[in-house]
Each structure stands twice: as structure tokens, then as C-alpha cells.
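So the structure is just underneath, and the comments pick up after that.
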Amino acid sequence: FNIDAATGALTFKAAPDFEGVDPQHGDTHSNEYSLTVSATDTQEGSVTQDVTVTVTNVEGAPVFSSAQAISVAENQTTVTTLTASDDENDHIVFTISGADADAFNLTTDGVLTFKAAPNYELETEYSVTVTATESETEDGSAITDGNTTDHAMTISITNVNEAPTLSDMTGHTAILT
């Protein structure tokens, strides 16, 4: 701990992590710190007080590890599988919104696909926002108001060299060179 001599403000030297391993307490710790604070005035009078500082949990929001920019070849529906993690290993579900959300399917497990295979000659880029939400604790208990994280994504379509096709040529002459 640090203490400001002028104000008496008590601060941690390094921010504690409720879930993490504390080097002073080892693998399992109580998240409570006990100390004695002494104050001395200019007349050489002093007083001491025992203080207990309790670290409480701050629930962290999901963190995406999926790319924000993805390129996929035209004429296929596969895009990506989204990934996000949570500091307490809560189960995460995914939803989609944004300008082009209607062009996609997204499972709650994060599998993102096009509803219909994109055509580079018609559209070269799509923009969506995917949201990761905590839905269940690690032991399966429902989370009613889970933390969320939004992830803006751009899906770029790459061109594929497609073989030419001939339409019905009845009554017409075609010259191919």
C-alpha cells in the first residue's frame, strides 16, 4: 500500500485482481488486507488505527479475439466463427445488428454465415456489429443482466474468376475468339 502523508489517501501499489493469484496470499486468498495506520501531528501526538481493506469483484465484460476485418471469396456462405472470452469463464452468446445484418445468419455460438452467397459484382463490402453477452455462469446458472461488448466488423468480398456462360443461342451466331 501507499499512503499520502498530506491527505491520508490509501492506495494499492499495484491494482489487485479479485480472480487472480496474489503474490502475498498465494493461489487462494481472501481478498482482504489488514494493516495498521499511524498518524502523527505537528505536536508529536499520534494515533493508530487497524484497517481492513476488502477487494470486491468487478464483473468484466467479454473480450473479442475475432478480427474486425475479414475477407471472404464470393459465391460461398461461410464467413467466420466469432470468439470472445470472459474473465470468469461465463458462457457467451452472440447477436448481430447493423446496416447489413439482414444478409447474415449468426448462431448463438458465434458461427457467422451469409444467408445467400455474395456476388462480388453486386456488393464488395458488408458492415455489421456483433455483440457478445454473458448468458450463464461457468456452473450453468443463468445470468439475467449479463455484460455485453460490441464488435464492429467489415466483411470484404473478394472476386473469383468465374467461367463464362452462354445463354440460349438459338437463331443466333456466336463468334468466340
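Both backbone and side-chain heavy atoms feed into the values below; hydrogens, waters and symmetry mates do not. Quick note: residue numbers are just sequence positions, from 1.
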Inter-residue atom distance [X].[atom1] - [Y].[atom2], 0.5 Å rounding:
X: Asn2; Y: Thr11; atom1: CG; atom2: OG1; result: 4.5 Å
X: Glu162; Y: Asn119; atom1: CD; atom2: CG; result: 6.0 Å
X: Thr108; Y: His91; atom1: OG1; atom2: NE2; result: 6.0 Å
X: Tyr126; Y: Ile155; atom1: OH; atom2: CD1; result: 9.5 Å

Nearest heavy atoms of [X] and [Y], plus distance in Å:
X: Thr149; Y: Ala61; answer: OG1-CB, 3.5 Å
X: Pro118; Y: Ile157; answer: CG-CD1, 3.8 Å
X: Thr158; Y: Ala73; answer: OG1-CA, 3.2 Å
X: Ser135; Y: Val93; answer: OG-CG1, 3.6 Å
X: Ile92; Y: Ala132; answer: CG2-CB, 3.6 Å
X: Glu134; Y: Ile143; answer: CB-CD1, 3.9 Å

task: Name the orientation class of the two ring planes belonging to His151 and Phe64 (parallel below 30°, tilted from 30 to 60°, perpendicular beyond 60°).
output: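 Rings of His151 and Phe64: parallel, under 30°.
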
Are [X] and [Y] close enough that some pair of their side-chain heavy atoms sits under 4.5 Å apart?
X: Thr154; Y: Gln68; result: no
X: Leu82; Y: Met153; result: yes
X: Ser156; Y: Thr124; result: no
X: Val79; Y: Phe114; result: yes

[X] [atom1]: over 12 foreign heavy atoms closer than 6.0 Å:
X: Glu121; atom1: CD; result: yes
X: Asp145; atom1: CG; result: no
X: Lys13; atom1: NZ; result: no

Just by distance, with hydrogens left out, do [X] and [Y] show a side-chain donor and acceptor under 3.5 Å apart?
X: Asp100; Y: Ser127; result: no
X: Thr36; Y: Thr48; result: no
X: Asp109; Y: Thr107; result: no
X: Thr137; Y: Asp90; result: no

Should [X] and [Y] be regarded as members of a common hydrophobic cluster, given that ILVMFWY residues are connected when their side-chain heavy atoms come within less than 4.5 Å of each other, either directly or indirectly?
X: Leu35; Y: Val55; value: yes
X: Val128; Y: Val72; value: yes
X: Phe12; Y: Leu10; value: yes

message: Donor-acceptor check, side chain of Thr52 to backbone of Ser34, threshold 3.5 angstrom: yes or no?
response: no

- prompt: Does the side chain to side chain donor-acceptor pair (under 3.5 Å) test come out yes or no for Ser38 and Ser46, once each step is laid out?
  reply: CA-CA 7 Å; Ser38 298; Ser46 67; over 6 Å; no

message: The test is side-chain contact (heavy atoms from CB on, under 4.5 Å); show your working for Val111 and Phe94 and say whether it passes.
response: CA-CA 9 Å; Val111 178; Phe94 297 93; over 6 Å; no

